[in-house]
Protein chains: 2
Amino acid sequence: MRPLFHPAIEDVSPEAVLHALSDPSRAAIFANIMRAGCVEACSALSAVGDRVIPKSSLSNHFKVLREAGLIRSERHGIEMRNYSRWAEVNARFPGLLAAIINAYASDAGDTSRSSRTSPPG
Amino acid sequence: MRPLFHPAIEDVSPEAVLHALSDPSRAAIFANIMRAGCVEACSALSAVGDRVIPKSSLSNHFKVLREAGLIRSERHGIEMRNYSRWAEVNARFPGLLAAIINAYASDAGDTSRSSRTSPPG
DNA sequence: TCCAACAGTTCCGAAGTTCCGAACTATGGG
DNA sequence: CCCATAGTTCGGAACTTCGGAACTGTTGGA
């Protein structure tokens, strides 16, 4: 398999980054990679939580993250290792990734939305 | 026309915000509203710059921004005024909007991408 | 009241994107 | 070579986006 395409950091665009992270599954996968430093694609299946993602979709999610410049993928033997490009992206767009990951984290821990299923106890 | 739908701030989700701003036209419109404090929809036609946007698309862009919780639209006589909900959104997702607007601004002023048309002088 | 001009919205078909199961390719072990 | 594992590509259904034409709502003039 020929080497996967990774954009140079100066070709990483804000729209691609925002588009990639505007999908909660992809944001969760990316947050996981950031936390762990590195993650194998198949182990990310469980990482997204409740929702089971078919591997074709997962492959596509990794591709979108990779082509947005958010992760670097390396084949190691039989499996793919995915590393976050946090430092590079953060140097290019200071504070962007942290703010996004934070926004998702605070949203997940939020119980005050009006669409809640049951009223407060 | 009945009042337009605006989500409560606690119902504003990171994915909707990122999706709304992952379109460069919408990001430009929003950046404009932030700068000016308030903008009329039709005057935003020129605001996006080079590209002329048909009014049906423009109307849709404003709708996406409004339903993502980024702007508040009010009808004043014949025209619509659009205000940024920056303070509210910033309280909910600290630093997010500033980082995004900054990212687009630094990207626009960037001359180092490899897809440039001419080499450095 | 009727009409024209203007500001935005809605409708709807064409074009593009996303989703995911099935088939495929690449790597490693026996 | 054959099988198992890890991931990619294909292709069709479902969804989204774009934009022109027609529409609604508001103002001002006669």
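Residue numbers start from 1 in every chain, and the chains themselves are labelled A, B, ... in the order their sequence lines are given, proteins ahead of strands.
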Report the distance from atom CE of B:Met80 to atom C1' of D:dG25, rounded to the nearest whole Å.
-> 11 Å
For B:Lys63 and C:dT10, what is the distance between atoms NZ and P respectively, to the nearest whole Å?
-> 6 Å
Please report, rounded to the nearest Å, how far the C1' atom of C:dA7 is from the CD atom of B:Glu74.
-> 16 Å
Could you give the distance from CZ (A:Arg81) to CZ (A:Arg75), rounded to the nearest 0.5 Å?
-> 12.0 Å
Find the distance A:Ile71:CD1 to D:dG7:C1' and express it as a whole number of Å.
-> 13 Å
Rounded distance (Å) that lies between atom P of D:dA4 and atom CD of A:Glu79 | 19 Å
Taking only side-chain nitrogens and oxygens of A:Arg75, does any of them come within less than 4.0 Å of OP1 or OP2 of C:dT25?
-> no
Position toward the 5' end of DNA chain C (nearest nucleotide), A:Gly77 or B:Arg81 = B:Arg81
Residues two or more places apart in sequence or in another chain: which of them pass side-chain contact (heavy atoms from CB on, under 4.5 Å) with B:Asp23?
-> B:Ser25, B:Arg26, B:His61
Take atom CG of B:Leu4 and atom C1' of D:dT24, then tell me their distance rounded to the nearest Å.
-> 13 Å
Send over the distance from B:Leu58 CG to C:dT10 P, rounded to a whole Å.
-> 14 Å
Interatomic distance, CD@A:Glu79 vs CG@A:Asn82, rounded to 0.5 Å, equals 10.0 Å
Where B:Val17 and B:Ala68 come nearest, the two heavy atoms and their spacing | CG2-O, 3.9 Å
Would you kindly give the CD-to-P distance between B:Glu67 and C:dT9, to the nearest whole Å?
-> 11 Å
Presence of A:Ser59 side-chain N/O under 4.0 Å of D:dT8 phosphate oxygens OP1/OP2 | yes
Side chains of B:Ile100 and B:Leu18 in contact at under 4.5 Å (non-hydrogen atoms) = yes
So which protein nitrogen or oxygen atoms get under 3.5 Å of nucleotides 15-22 of chain D's nitrogens or oxygens?
| from | atom 1 | to | atom 2 | distance (Å) |
| --- | --- | --- | --- | --- |
| D:dT17 | OP1 | B:His19 | NE2 | 3.0 |
| D:dG19 | OP2 | B:Ser57 | OG | 3.2 |
| D:dG19 | N7 | B:Ser56 | OG | 3.2 |
| D:dG20 | N7 | B:Ser56 | OG | 3.2 |
| D:dG20 | O6 | B:Ser56 | OG | 3.2 |

Residues passing the side-chain hydrogen bond (donor to acceptor under 3.5 Å, both in side chains) test with A:Glu67, sequence neighbours excluded, are none
With side chains defined as the heavy atoms from C-beta onward, is the minimum distance between A:Phe30 and A:Ile101 less than 4.5 Å?
-> yes
